[in-house]
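Residue numbers start from 1 in every chain, and the chains themselves are labelled A, B, ... in the order their sequence lines are given, proteins ahead of strands. Values below: all heavy atoms of this structure, side chains included; hydrogens, waters and symmetry mates excluded.
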Amino acid sequence: MSATPLLQVENLQTHLHLRRGVVKAVDGISFEVNEGETLGIVGESGSGKTMTCLSILQLLPIHGGGKIAGSVRLDGEELLQLGEEEMARRVRGPKVAMISQDPMTSLNPVFTVGDQVSRPFLYHKLVKTVRDAMVAAAAGLRRVRIPSPERRLKSYPHQFSGGMRQRVVTAMAIACSPRLLIADEPTTALDVTIQVQIMSLLRSIQNDSKVGIILITHDLSIVAGLCHRIAVMYAGRIIETGKVRDIYRNAQHPYTQALLDAIPHLGRKRRRLAAIPGQPPNLMDLPNGCRFAPRCPRRMAVCDEYPPATDVGGGHTVNCWLAAKQ
Amino acid sequence: MGLELRNLSKHFSVRTDQGKATVRAVEGVNLEIPAGQTVALVGESGCGKTTIAKLALMLEQPSSGAVNFDGKSLGEMSRSEIKDYRRQVQAVFQDPYASLNPRLTVRRIITEPILAHYSPDRVTLNARVAELLEIVGLPAAAADLYPHEFSGGQRQRIAIARALALNPKIIILDEPISALDVSIRAQVLNLLMDIQEKFGLTYLLIAHDLALVEHLSTRVAVIYLGSVVECGPSEQIFSAPQHPYTQALLNAVPRPDPDYVPKAADGFDDTGSALEPPSGCKFHPRCPYAMAVCKIDNPPLLKLPDGREAACHLLTGPHAAQM
Amino acid sequence: MSVTSAPTPVTAADAPLPFFVRFRLKGAPWIPILILVLVLIAAVGGEGLTPHDPNGLNLGAAFKPPFWQAAGTYDYLLGTDNLGRDVLSRIIAGARVSAIVALYAIAFSGAIGTMLGIIAGYFGGIIDTTIIRIAEIKMAIPGLALALIFSATMDPGLSTVVIVIVLTYWTWYCRIIRSEVLSLRERDYVSFAKVAGCGSITIFFRHLLPNIFNTLLVLMTLQVGQVIIFEASLSFLGLGIQAPDTSWGLMLSDARQYITYAWWGITMPGIAIMLTCLSSNLVGDWLRDLLDPKRRQL
């Protein structure tokens with residue numbers, strides 16, 4: 001591992017103060033992403049994976065009453081101490097970019113694709129004239145392998161298919177050669193055939209530019225081929241993290257194991273799947289101990305206390321008493 | 001008691017930049033859904049699989065062809081026969097947030113189909129609600145809550161309870177688990193399998209997730225731009241896909257295995273458009289094996305020696321030898 | 001990942017309370033409610049409640065300012081107009097016209113517009129086109145021109161005002177409700193109701209009407225202000241309420257020429273209109289939240 005990681009998140013807490021109470025969307029998580037590395041954050045809806053990324057970018061919903069605490073360092077610089085102005089000028093775009101889930105809503109329907117792709121170049125003053133920005137935009141579209149980019153610059157988003165739109169969004173995200181790319185379920189809205197394309201595009205972008213990628217998903221099968229490391233989140237905390245092979249071949253946490261078992265695999269027809277009983281906990285009323293304990297088939301008395309992180313070898317850590325006891 | 005699609009077509013006229021155009025959403029689909037089986041329609045978004053479900057649910061009228069129930073076309077049914085059809089055929093939709101009216105309690109949601117056909121007394125009705133909730137694994141107290149008080153998986157259970165309320169024979173499942181969290185999917189999937197066994201249900205499953213389809217279905221029909229390109233028993237299709245499109249679909253499916261890299265076929269960037277379908281075989285612009293004949297001639301859906309059906313010049317007709 | 005998807009454990013304790021208990025009075029907008037209640041009392045009580053005869057001329061007491069000014073008296077709390085009529089009494093008496101106009105006009109234009117909007121949106125096709133064309137033709141005619149035509153052919157007065165307002169405003173409801181229904185009818189629960197064999201009537205009343213209620217309520221409460229002002233402009237032009245009856249609009253009209261030295265004559269009914277409109281909007285917002293099962297429990 002290199003000297004300083006590209007992104008270092010320590011004890012990040014994002015609590016949303018609502019009228020009904022405090023939602024602990026992210027509750028003390030730490031992780032790092034190295035240059036040229038892809039970290040997969042896997043979790044169900046409500047596990048805090050999207051909130052984690054919005055917190056890194058400080059893009060919490062304005063009226064959500066969100067409070068961020070902890071530390072987020074990018075190339076050693078503390079982001080949580082930067083003001084909105086600096087985040088917008090120096091961080092979002094040039095350093096950290098994001099691809100969101102829905103390519104239908106992340107482009108503005110009334111501007112041409114050229115307009116939108118050229119905008120980051122102008123805003124961050126990478127080019128001087130609109131003409132240069134258009135040239136840069138065409139190059140950007142070529143990078144994401146959109147055929148005949150000069151002609152496509154004049155098209156409007158509705159003239160693109162879903163997969164093509166996600167390519168356009170990706171082109172915008174990598175316009176300023178960011179150090180870190182956050183992809184929030186980039187393929188959920190796309191067909192499987194297109195999904196493969198976008199994933200291989202992300203991989204080739206990373207090979208070219210050494211960008212660090214955080215890939216957020218709820219589906220373990222999608223991230224398997226792309227990620228170097230995986231962090232599994234449950235109810236606002238990371239419960240298991242490790243190299244991708246360790247997670248898939250040697251999952252230690254009962255939740256990770258259950259998630260892997262609950263996926264219908266191609267070529268493994270079974271009558272019944274091993275379902276995880278129950279529902280994820282309410283983020284306003286979390287159990288004191290292990291948050292998965294109420295649904296866990298291997299629950300013990302000690303689970304009433306929150307399990308410490310246990311290193312089971314090779315940077316593979318698990319928050320589970322089963323691992324701690326061995 | 002099965003459903004049968006006979007040469008079913010549905011065309012929509014739409015306005016485009018160039019004026020009016022016709023979308024051939026469904027084009028000459030023949031399919032049997034035998035009683036007790038699970039038949040899956042798979043394909044990419046926009047391929048017409050949801051339109052087929054709507055036609056079978058009589059939410060749309062076919063442009064030509066027919067949906068037959070018990071050998072009788074839906075278009076020729078009398079009012080009372082339609083009413084009976086409505087009792088026999090129910091549906092579960094994809095989005096559990098959109099499929100329950102937010103202004104009604106669970107009790108009123110579940111009893112809606114019953115009250116549309118019968119007028120039972122309160123005691124019977126409440127007993128039925130309790131029974132249905134128990135079948136889908138929800139507590140009886142759920143009956144007096146509103147949909148927003150439930151998670152996605154619980155809502156889908158409510159939708160299933162509603163679909164079961166009339167003791168139907170056939171349930172049309174339109175992407176029943178794709179909007180749910182991974183850890184919840186297996187629960188709902190198991191529930192669907194349990195009730196199928198318990199009540200002898202016939203399923204028409206609409207899905208894009210091939211792993212789910214393999215898991216649940218007995219027969220599969222692969223749809224491309226409104227037409228069936230391959231159809232047969234589930235094991236055959238998944239173990240040895242014959243049509244290049246089926247192969248491409250299966251190759252693209254991600255697996256929870258870090259050493260497996262799904263194959264991205266070249267030219268697979270754009271799903272075709274039903275608005276301007278290509279000439280000949282509609283799949284030829286994306287097909288790695290496209291031949292001259294594919295651009296001119298649309299291959300018919302023909303029976304292969306192993307019993308399945310496929311529509312490809314490579315497999316049928318004079319070019320079959322090349323495969 | 002939304003916070004609302006956080007699951008709720010289902011227990012017997014979550015069983016709903018009877019509606020009247022759930023009618024949460026905490027956080028209710030008490031002041032606006034009080035104002036509306038006062039307006040309604042004034043409207044019902046009318047002249048029985050006024051300290052003076054609203055039409056009682058007393059030229060000797062003309063242009064008395066409100067009580068807090070040096071020349072004011074406690075006898076005429078809000079002052080008097082050019083004919084010495086008590087402004088407070090006239091506001092109380094005028095409340096009746098404003099309330100009647102608002103209630104009738106909103107009820108009728110809302111009912112007609114909503115019905116046509118639902119029919120147009122739900123059935124679509126030629127029915128939709130016909131209704132929307134009629135609405136568009138209507139909207140091309142300025143409201144006041146319509147009012148002039150009607151007043152010329154009918155006697156000016158309360159019922160004319162109501163008819164003119166209904167004719168002017170139904171299109172408003174119709175268009176907005178139609179577009180709402182266009183999206184609602186594509187909802188899966190409407191599809192499911194059809195699959196279950198429910199008739200159009202059931203779908204209307206169970207699935208469409210309750211779900212457009214929010215919009216309807218907001219439109220209606222916003223319209224209270226517009227209707228009162230529309231009535232005021234009609235009366236101002238002499239096409240609406242005729243003396244000796246009075247309305248807030250007529251008061252504005254009467255007091256306009258004396259605005260430079262008797263500001264209260266125009267300000268007081270103006271404040272009455274403003275408070276009523278504001279209150280109805282606030283109460284409307286509250287009712288909307290109250291009737292929405294989701295917001296109710298936030």
Side-chain angles (χ1 to χ4, degrees), chain B residues 53-54 56-60 82-87 89-106 108-109 111-117 133 138-155 159 162-163 165-166 168 171-172 174 181 184, chain C residues 1-19 21-22 124-125 180 183-217 288-298:
Chain B
K54 284 188 172 167
L57 289 168
M58 293 181 82
L59 292 171
E60 300 275 2
I82 287 176
K83 197 132 185 146
D84 184 55
Y85 182 74
R86 293 280 188 221
R87 272 198 294 267
V89 181
Q90 294 292 313
V92 175
F93 296 118
Q94 172 174 11
D95 184 354
Y97 293 86
S99 67
L100 306 177
N101 186 341
R103 301 254 166 188
L104 300 183
T105 59
V106 170
R108 289 189 65 194
I109 289 168
T111 53
E112 178 171 64
I114 303 175
L115 295 174
H117 294 274
L133 287 174
L138 287 173
D144 295 303
L145 302 179
Y146 287 90
H148 73 267
E149 295 169 81
F150 297 90
S151 65
Q154 290 170 323
R155 287 183 198 218
R162 174 178 64 179
L166 289 168
I171 297 186
I172 293 176
D174 187 356
D181 273 318
I184 304 300
Chain C
M1 187 190 65
S2 70
V3 177
T4 48
S5 68
T8 316
V10 179
T11 60
D14 285 342
L17 301 163
F19 184 70
V21 182
R22 277 203 278 178
E180 193 102 324
S183 85
L184 278 177
R185 73 167 186 189
E186 300 299 323
R187 294 284 159 89
D188 286 346
Y189 52 78
V190 176
S191 298
F192 189 86
K194 290 182 196 164
V195 170
C198 296
S200 293
I201 303 285
T202 312
I203 292 173
F204 262 40
F205 285 101
R206 194 176 294 168
H207 296 299
L208 299 182
L209 212 49
N211 284 298
I212 57 173
F213 203 72
N214 275 354
T215 315
L216 201 56
L217 206 60
R288 184 195 61 200
D289 289 355
L290 199 71
L291 296 173
D292 185 335
K294 193 163 180 177
R295 288 167 184 261
R296 191 153 64 210
Q297 284 160 2
L298 285 182

S.K.: Shorter than 4.5 Å, heavy atoms on both sides: which option in B:Leu104, B:Val89, B:Ile109, B:Leu166 has the most such pairs with chain C?
M.R.: B:Leu104
S.K.: Could you measure the distance from the CD atom of B:Glu112 to the CZ atom of C:Arg206? Nearest 0.5 Å is fine.
M.R.: 5.0 Å
S.K.: So do the side chains of C:Val195 and B:Leu59 get within less than 4.5 Å of each other, counting heavy atoms only?
M.R.: yes
S.K.: Just how far is it from atom CG of B:Asp174 to atom CG of C:Asp188, taken to the nearest 0.5 Å?
M.R.: 7.5 Å
S.K.: Would the number of heavy atoms belonging to other residues, nucleotides or ligands and lying under 6.0 Å from NZ of C:Lys194 be above 12?
M.R.: yes
S.K.: State, to 0.1 Å, how close B:Ala98 and C:Tyr189 come at their nearest heavy-atom pair, and which atoms those are.
M.R.: O-CD2, 3.1 Å
S.K.: Measuring only between side-chain heavy atoms, which start at C-beta, is B:Arg103 closer than 4.5 Å to C:Asn214?
M.R.: yes
S.K.: Which atoms of B:Arg87 are under 4.5 Å from chain C, going by heavy atoms: the side chain, the backbone, both sets, or neither?
M.R.: neither
S.K.: Looking only at heavy atoms, what is the nearest atom pair of C:Asn211 and B:Pro102, with distance?
M.R.: OD1-CG, 3.6 Å
S.K.: Would the number of heavy atoms belonging to other residues, nucleotides or ligands and lying under 6.0 Å from CZ of C:Phe213 be above 12?
M.R.: no
S.K.: Testing the basics here: between B:His117 and C:Gly197, what is the closest heavy-atom pair and its distance to 0.1 Å?
M.R.: NE2-CA, 4.1 Å
